2 protein chains.
Amino acid sequence: MLSQIPFANVAERREQPPILAVSTVIFSLRDDERSGRKSLWLPLVRRTRDPYRGQWALPGGPLGARDSLVDAAAANLRETTGLIPRYLEQLYAFGDLERSPTRRVVSVVYWALVREDDAPHTDTAATSVLLDDPNVAWFRADDEQVLQNMAFDHQQIIEYALWRLRNKVEYGSIAHRLLGERFTLAQVREVYEAVLNKSLDPANFRRQLRNAADIEETDEFLAGGKHRPPRLYRYTGSPTHPLESENIS
Amino acid sequence: MLSQIPFANVAERREQPPILAVSTVIFSLRDDERSGRKSLWLPLVRRTRDPYRGQWALPGGPLGARDSLVDAAAANLRETTGLIPRYLEQLYAFGDLERSPTRRVVSVVYWALVREDDAPHTDTAATSVLLDDPNVAWFRADDEQVLQNMAFDHQQIIEYALWRLRNKVEYGSIAHRLLGERFTLAQVREVYEAVLNKSLDPANFRRQLRNAADIEETDEFLAGGKHRPPRLYRYTGSPTHPLESENIS
DNA sequence: TTAGTTAAGGTCAAAGTGACATTAACTAAG
DNA sequence: CTTAGTTAATGTCACTTTGACCTTAACTAA
């Protein structure tokens, strides 16, 4: 594997100070024809330079000297994908020696959930890896084909982000961030079915959600379906700890 | 506040690439005369240089070019405190612009739990801030006096580590790491009482612990008390995710 | 032998959970 | 206008889990 970047020699690059970078894993909910259910999708960018030129990678870039970590992640995300997430949560700092074949890079990775409306799923066709035109595309979060051919250690990063998502305790906050201000209980259930990848009893799920103190009913209903209009609810909780949900300045 | 370090000027230092450092928050259990219960203690080191010379700080240092993040944390810990924790878990990466008054520093912070035996609580007297001799000392994790006078943003870091500890889901693993291989159910209860800072019903706590699949009884008993000898138990669980418990190489 | 102490297990009412049935309120087909 | 289809919303019931408390077991020290 050739590289045009200096310090490709291991002994040499190890003497260089580590580079600091930030990357982001973004999840969004989307209809999935394959499973019939909603499922999780994430945007990736195609690398235009070595190493891993042409392969898919997480959006990210070097940490600017004037940005805090979370600001750098947000700025980079806007530039590369056009996405403006409302909040970012720190996932993990990856710093193994051999994670980049060129220079030593320590990546602070953030993750976020965005609503379907905020996520311009520009091209449905871009869900195929075969496409060679655009440099940003959305993929199913469990698309093995794509994950296994990612640049750097980004496959592990995405898998860890998924693990964290599935092990998030708070019911309401995830749904709220994927769905928006107001949502029906059935939509929340769809979120959980997508994340946990299993069906849930609608009646029991409703009972548990309503008892969870951080979800509150509104006076509005969602009309338009071919059935009784469901009531809309609102999320009233706040992040459990400031660092678990960083604001973007 | 004077400083002998270059780039003290804000405009200047912002052009410098960020420095990468690692620090560690270590918790250990210890008898506490004040509360009558066991409580959490942590080791701090006294700074011998500006900035914050003379104040207490978390053990830590710059990231060596040859070390992975977790190895750097472990090596630094050994050098500054003599402690060799069996595992480290990544807590958070702190990277705000103004967290160090001199150069821009991004700190990847780890945390760990160590058993009382592994923690050489050398000097009981060192629990007082007034002492001026040693450069390492142990303090109660809720000692406001000390926390409020810590160097850098280390007070917030410790508070976040405590929050994470209190919100850890797994019953068994925390106790196992603070106590060792074999332990009585009452010792586990003491751990929880110390961490959560409240009393728990011994009978109900026992019932719940025994039902938790990752704790298993042994054939041994702990003799020596002035009462019926309690049975010893063993932790059989494994970390929920590799990144949640990094091995030290 | 007895008092003191903690271990270990049991009881019982209250609360919570999972499986499933019933009624409510809309749309669309005839 | 009526009826079938669909999902919303609530209720029922057996079963499990929880919190408060009691009883008995097994040791030490006086």
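The analysis underlying the following values was restricted to heavy atoms, covering all of them including side chains, and did not include hydrogens, waters or symmetry mates. Per chain, numbering begins at 1; letters A, B, ... match sequence-line order. Keep in mind that what you see is a predicted model, and the values were worked out from it rather than measured.
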Give the dot-bracket string for DNA chain C, reading 5' to 3', where a pair is Watson-Crick or G-U wobble with both distances under 3.5 Å, ( ) marks pairs inside the strand, [ ] marks pairs crossing earlier ones, | marks a partner on another strand, and . marks unpaired. ||||||||||||||||||||||||||||||
A186(A) near the nucleic acid: base, sugar-phosphate alone, or nothing, with a heavy-atom cut-off under 4.0 Å? sugar-phosphate
Go through the structure and list residues passing side chain to side chain contact (heavy atoms under 4.5 Å, CB included) with P230(B), not counting sequence neighbours. T184(B), L222(B), H227(B)
Let's see if you can work this out: which of dA7(C), dT17(C), dC20(C) has an atom nearest to the side-chain heavy atoms of R207(A)?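 Nucleotide nearest to R207(A)'s side chain: dT17(C).
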So which heavy atom on T80(B) is nearest to which on P59(B), and how close? OG1-CB, 3.6 Å
Could you check whether any side-chain N or O of E193(B) sits under 3.5 Å from a backbone N or O of L200(B), counting only pairs where one atom can act as donor and the other as acceptor? yes
Looking only at atom types and distance, does a side-chain atom of T24(B) sit under 3.5 Å from a main-chain N or O of Y110(B), one as donor and one as acceptor?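 The answer is no, because no donor-acceptor pair under 3.5 Å joins these two groups.
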For this output row, return yes or no: ring centroids of Y160(B) and Y92(B) closer than 6.0 angstrom.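 Aromatic pair counts; centres sit under 6.0 Å.
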For residues 191-202 of chain A, which residues have at least one heavy atom under 4.0 Å from DNA chain D? none
What are the residues of residues 224-232 of chain B, sorted by number, that bring a heavy atom to within less than 4.0 Å of DNA chain D?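 By residue number: G225(B), K226(B), H227(B), R228(B), P229(B).
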Footprint ends on DNA chain D, 5' to 3', for atoms under 4.0 angstrom from a heavy atom of chain B, come out as dT18(D) to dT28(D)
Hey, can you tell me if Y192(B) and F205(B) have their rings parallel, tilted or perpendicular (30° and 60° cut-offs)?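 Answer is tilted, since the angle falls between 30° and 60°.
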Supply the atom-to-atom distance L77(A) CG to L88(A) CG, rounded to the nearest 0.5 angstrom. 7.0 Å
All side chain to side chain donor-acceptor pair (under 3.5 Å) counterparts of R234(A), not counting sequence neighbours: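 Once residues adjacent in sequence are excluded, the partners of R234(A) under the side chain to side chain donor-acceptor pair (under 3.5 Å) criterion are E216(A).
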